[in-house]
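Inspection log for the structure reproduced underneath, given as structure tokens.
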Amino acid sequence: MSCIIPVQVEFSTALPPMAKILFGYIFADCSKYGYFSRTNESIAERYKCSASQVSRWISSLKKAGFIEIETIHRNNSRMITSLLPTIDL
């Protein structure tokens, strides 16, 4: 899967570098499926980091206005059901 990182995200000073890469992963899934449905744990496994680090990246993307988040609670754990990029290419 290829990642697409829009220039607004790439040059944002509000985001850590890995949040920008994560955005590309999110954007690719949204383009393919219309939504992004991954747990922080599965993203952390992919990028060899902690789930709390992923949570910080996602929060920075949301705070910068690059994504919208909808969550559900299932089996006492938080699962991200959609991350919708708010940027047009």
Side-chain angles (χ1 to χ4, degrees):
M1 176 182 327
S2 296
C3 290
I4 298 171
I5 303 172
V7 70
Q8 301 98 311
V9 174
E10 180 183 4
F11 292 107
S12 172
T13 58
L15 299 174
M18 284 304 296
K20 297 173 186 184
I21 293 170
L22 177 57
F23 182 90
Y25 179 50
I26 291 167
F27 197 88
D29 259 21
C30 285
S31 296
K32 185 174 182 179
Y33 304 111
Y35 62 92
F36 182 83
S37 180
R38 304 275 189 265
T39 63
N40 289 359
E41 290 77 13
S42 69
I43 298 167
E45 189 175 304
R46 176 184 178 96
Y47 291 113
K48 310 287 189 263
C49 64
S50 68
S52 60
Q53 183 64 60
V54 170
S55 181
R56 287 190 291 274
W57 296 337
I58 290 170
S59 293
S60 70
L61 287 165
K62 180 180 179 185
K63 184 177 178 182
F66 292 124
I67 60 172
E68 296 173 2
I69 301 172
E70 177 186 345
T71 60
I72 61 168
H73 296 276
R74 188 186 319 173
N75 299 328
N76 295 325
S77 65
R78 181 176 158 259
M79 182 176 145
I80 298 167
T81 57
S82 65
L83 293 174
L84 306 173
T86 56
I87 295 177
D88 294 322
L89 287 181

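As a basis for the values below, the full set of heavy atoms in this structure was taken, side chains included, without hydrogen atoms, waters or symmetry mates.
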Separation between OG of Ser52 and CD of Glu41, rounded to the nearest 0.5 Å | 10.0 Å
If you measure from CZ on Arg38 to OH on Tyr25, what distance do you get to the nearest 0.5 Å?
-> 4.0 Å
Member of Leu61, Leu15, Ile58 meeting the side chain to side chain contact (heavy atoms under 4.5 Å, CB included) criterion with Phe23 = Leu61
If you measure from CZ on Arg56 to CG on Asn40, what distance do you get to the nearest 0.5 Å?
-> 11.0 Å
How close do Ala51 and Ala44 get, heavy atom to heavy atom, and via which atoms?
-> N-CB, 3.6 Å
Could you tell me the separation between the CZ atom of Phe66 and the CD1 atom of Ile26, rounded to the nearest 0.5 Å?
-> 12.0 Å
Value for CZ (Arg46) from OG (Ser42), rounded to nearest 0.5 Å, stands at 9.5 Å
Could you tell me which non-hydrogen atom of Ser60 sits nearest to which non-hydrogen atom of Ala14, and how far apart they are?
-> CB-O, 4.5 Å
Would you say Lys20's side chain and Ser12's backbone share a donor-acceptor pair under 3.5 angstrom?
-> yes
Return yes if some donor-acceptor pair links the side-chain N/O of Ser59 with the main-chain N/O of Ser55 below 3.5 Å, else return no.
-> yes
Which residues pass the side-chain contact (heavy atoms from CB on, under 4.5 Å) test with Lys62, sequence neighbours left out?
-> Ile67, Ile69
Over 12 foreign heavy atoms within 6.0 Å of CD, Glu10 | yes
